[in-house]
There are 2 protein chains.
Amino acid sequence: MKRDPDSGGEGRGSVVPTISQVAKVSGFSRATVSRAFSRPEMLTEETVRHVKEVADRLGYVPNQVARALSTGRHGNVALIVTDVANPFFPPLIRAAQLRADQAGLCVFLGNSDEDPAREELLVGRFIGQVEGLVLASSRLDEAHIRRYATRRPLVLINRDIEGITRVLIDTAPGVAAAIAHLAELGHRHIAYVSGPTTSWSNQQRRNAVRREAEKRGLKVIAVPARPPSYDTGRLAAVQIIASGVTAAIAFDDLVAQGLLAGLAALDVEVPKSFSVVGCDDVLGETTYPPLTTVSARCADAGDVAVGLLLSQMSGGMSGEIRHKLNSHLVIRASTGPAPVKRRSR
Amino acid sequence: MKRDPDSGGEGRGSVVPTISQVAKVSGFSRATVSRAFSRPEMLTEETVRHVKEVADRLGYVPNQVARALSTGRHGNVALIVTDVANPFFPPLIRAAQLRADQAGLCVFLGNSDEDPAREELLVGRFIGQVEGLVLASSRLDEAHIRRYATRRPLVLINRDIEGITRVLIDTAPGVAAAIAHLAELGHRHIAYVSGPTTSWSNQQRRNAVRREAEKRGLKVIAVPARPPSYDTGRLAAVQIIASGVTAAIAFDDLVAQGLLAGLAALDVEVPKSFSVVGCDDVLGETTYPPLTTVSARCADAGDVAVGLLLSQMSGGMSGEIRHKLNSHLVIRASTGPAPVKRRSR
DNA sequence: TTGTATGCGTTATCAC
DNA sequence: GTGATAACGCATACAA
């Protein structure tokens with residue numbers, strides 16, 4: 001079982017010092033050296049100072065793996081998202097990181113690419129070395145998630161499973177407001193540019209669109225943009241224009257931005273001849289024209305999720321938690337009055 | 001040292017099974033159970049099957065921490081970036097992840113916020129439980145980096161320190177081409193909208209601009225946008241216009257995009273009255289007008305960095321490595337001929 | 001092919 | 001306040 005002390009890139013020819021070396025050199029016991037690092041308040045200031053000095057000289061630093069084995073805690077959590085490169089996630093990741101940092105936790109990041117198998121692989125790799133995990137927009141089936149949740153504290157973002165702690169960005173109110181906004185502008189026929197079928201967010205938004213449109217007597221058709229991206233949004237423009245609608249609400253801002261480009265390519269002026277609404281509000285005013293969109297507080301979701309995970313990890317968790325985050329409509333410049341006349345299809 | 005087996009969120013009232021339980025129930029020794037998971041090829045198919053069945057029934061799964069302590073390897077690496085939310089990084093992170101995944105590694109992600117102290121904290125937290133790290137756009141001082149590099153394999157992205165493995169996105173050729181492009185369009189006075197002083201990329205780009213401009217007899221002024229962002233870019237517009245230049249090249253695409261917005265707010269038409277060049281090419285054609293920019297292959301950087309880290313971790317590394325990634329100019333629609341006449345400042 | 005014995009580096013439990 | 005020592009759960013020489 002002897003191991004090459006030089007493997008793993010440690011030291012250049014020098015052995016990695018352990019607590020025992022420090023003990024021997026400092027003249028104290030291993031227990032004392034250990035305490036000098038983990039609970040200095042139990043020792044004389046003098047002792048601590050001496051031990052640390054020796055440790056410094058030897059280049060000793062506590063082995064976290066050994067510590068973790070002994071204590072059962074290592075302060076790691078995992079965050080799995082579907083796509084780091086989708087602008088929805090970076091703010092979420094950032095906020096989650098920040099919260100974890102403040103608690104002294106290290107965070108593993110995983111990228112599932114919306115592939116359940118890949119996500120499962122990642123969870124499997126992480127779960128043995130984390131104290132908790134948060135799954136954002138998980139594509140795992142319910143049974144798997146439930147099983148994982150029995151092994152480790154687990155919180156879901158934008159996935160609604162009874163009994164599992166979850167934080168949901170409730171875009172329904174914002175979407176409803178968007179429909180109302182379009183209705184007031186005189187639009188009667190609109191399109192919903194839909195995202196992934198398996199996405200909770202997509203289902204929620206689609207339903208909200210239908211419900212509110214029906215209530216106001218608007219006709220709505222669905223046009224897919226899968227996977228949701230700038231390109232699929234751009235490609236959807238032709239079909240949307242051909243359908244004769246005068247406005248579209250997209251699954252997310254990226255799709256909306258692509259749609260804007262697609263419309264421009266068709267010489268359709270926005271918002272004069274056509275109105276576009278996005279969702280998530282992750283692009284700010286950077287689109288042209290600035291996008292009317294549903295604000296989704298994705299950063300808050302990351303923050304809250306890690307917060308809930310923390311309290312779950314520390315055991316202070318009573319019943320089921322289903323945290324909802326509000327949304328609202330942000331009106332910018334991509335929506336306007338319905339054009340007075342448009343050719344029928 | 002007895003520990004509450006229920007802590008850490010494990011099991012609901014059930015003890016976490018260890019290798020010993022499986023051994024007892026299956027009738028084999030602990031060594032055999034261990035081998036059934038780590039080196040099944042050493043055992044009879046029959047024994048492996050039996051052991052795994054028992055393990056399954058008991059819900060046993062190897063404890064990675066214990067395994068790591070024993071073997072000295074745990075398959076974790078760390079990636080630290082300055083800002084997850086800056087569009088430059090997501091593609092890089094994604095590519096790095098992918099490469100690590102293929103090698104079966106888990107990746108810790110850290111966010112330094114361009115703060116050296118914070119970055120140091122993160123490295124300290126990570127280094128004890130990773131086999132290697134990659135630091136992107138590190139703000140750490142050279143001495144620290146060198147010290148860390150003696151403890152673990154380490155590769156730098158966009159930071160040039162002799163003796164440390166590094167991958168550098170060489171934007172100088174692309175920037176030079178951009179200057180040439182502007183010169184050919186008749187621009188004589190241009191601005192460089194600069195990024196963080198401590199950033200290697202910024203220094204490199206600034207120098208390339210100066211060098212090439214001098215060669216072609218262009219005058220160049222520097223205008224700061226710090227920290228580099230959409231907002232600081234937008235704010236820089238006033239100063240830039242006031243200076244009387246006819247074109248600007250920005251530290252990165254985000255700044256360029258902000259500048260575009262700032263110019264629009266001032267009713268300066270792009271590219272008719274003013275030309276803008278970005279850097280990194282992370283926005284694609286999503287800006288208005290589509291941005292002429294220097295392509296920077298940031299995804300490749302992440303991929304290559306992890307690749308180098310892997311070979312360094314496996315010990316197969318000869319001398320010093322300084323991997324350069326090329327760049328080139330991508331001409332879109334934000335650059336055009338210099339306006340025939342502009343009021344002097 | 002399988003079992004035995006020991007070590008990995010640390011923390012926690014007891015004594016002193 | 002400090003020291004001896006037994007876990008923590010697993011992997012691996014070595015013996016059988």
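In what follows, chains carry the letters A, B, and so on, assigned in the order in which the sequence lines appear, proteins first and then strands, with residues in each chain numbered from 1.
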Short side-chain N/O contact from B/S34 to OP1 or OP2 of D/dA11, under 4.0 Å: yes
Interatomic distance where CZ belongs to A/R67 and C1' belongs to D/dA7 [whole Å]: 17 Å
5′-ward residue of the pair A/A66/B/G27 relative to DNA chain C: B/G27
Pair A/R146 + A/E142: basic N to acidic O under 4.0 Å: yes
D/dT2 phosphate, OP1 or OP2, under 4.0 Å from A/T47 side-chain N/O: yes
Short side-chain N/O contact to D/dT5 OP1/OP2 from A/R30, under 4.0 Å: no
B/R73 CZ - C/dC8 P separation (whole Å): 18 Å
Short side-chain N/O contact from A/S29 to OP1 or OP2 of D/dG3, under 4.0 Å: yes
Dot-bracket line, read 5' to 3' along DNA chain D, where crossing pairs take [ ] and | marks a partner on another strand, Watson-Crick or G-U under 3.5 Å: ||||||||||||||||
Nearest heavy-atom neighbours spanning A/S20 and A/R30: OG-CD, 3.2 Å
Presence of salt bridge, B/E120 and B/R139, under 4.0 angstrom: no
More than 12 heavy atoms of other groups within 6.0 Å of A/E41 CD: yes
Whole-Å gap separating P (D/dC8) and CD (B/Q21): 10 Å
Earlier contact from the 5' end, DNA chain C, for B/E41 and A/S38: B/E41
Basic-acidic side-chain contact under 4.0 Å: B/R94, B/D101: no
N/O (side chain, B/T44) to phosphate O (OP1/OP2, C/dT2) under 4.0 Å: yes
B/S70 side-chain N/O to B/A66 backbone N/O, donor-acceptor pair under 3.5 Å: no
Nucleotide C/dG3, atom P - distance to CD1 of B/I19 in whole Å: 12 Å
Expected output: side-chain A/Q64 to main-chain B/R125 donor-acceptor under 3.5 Å: yes
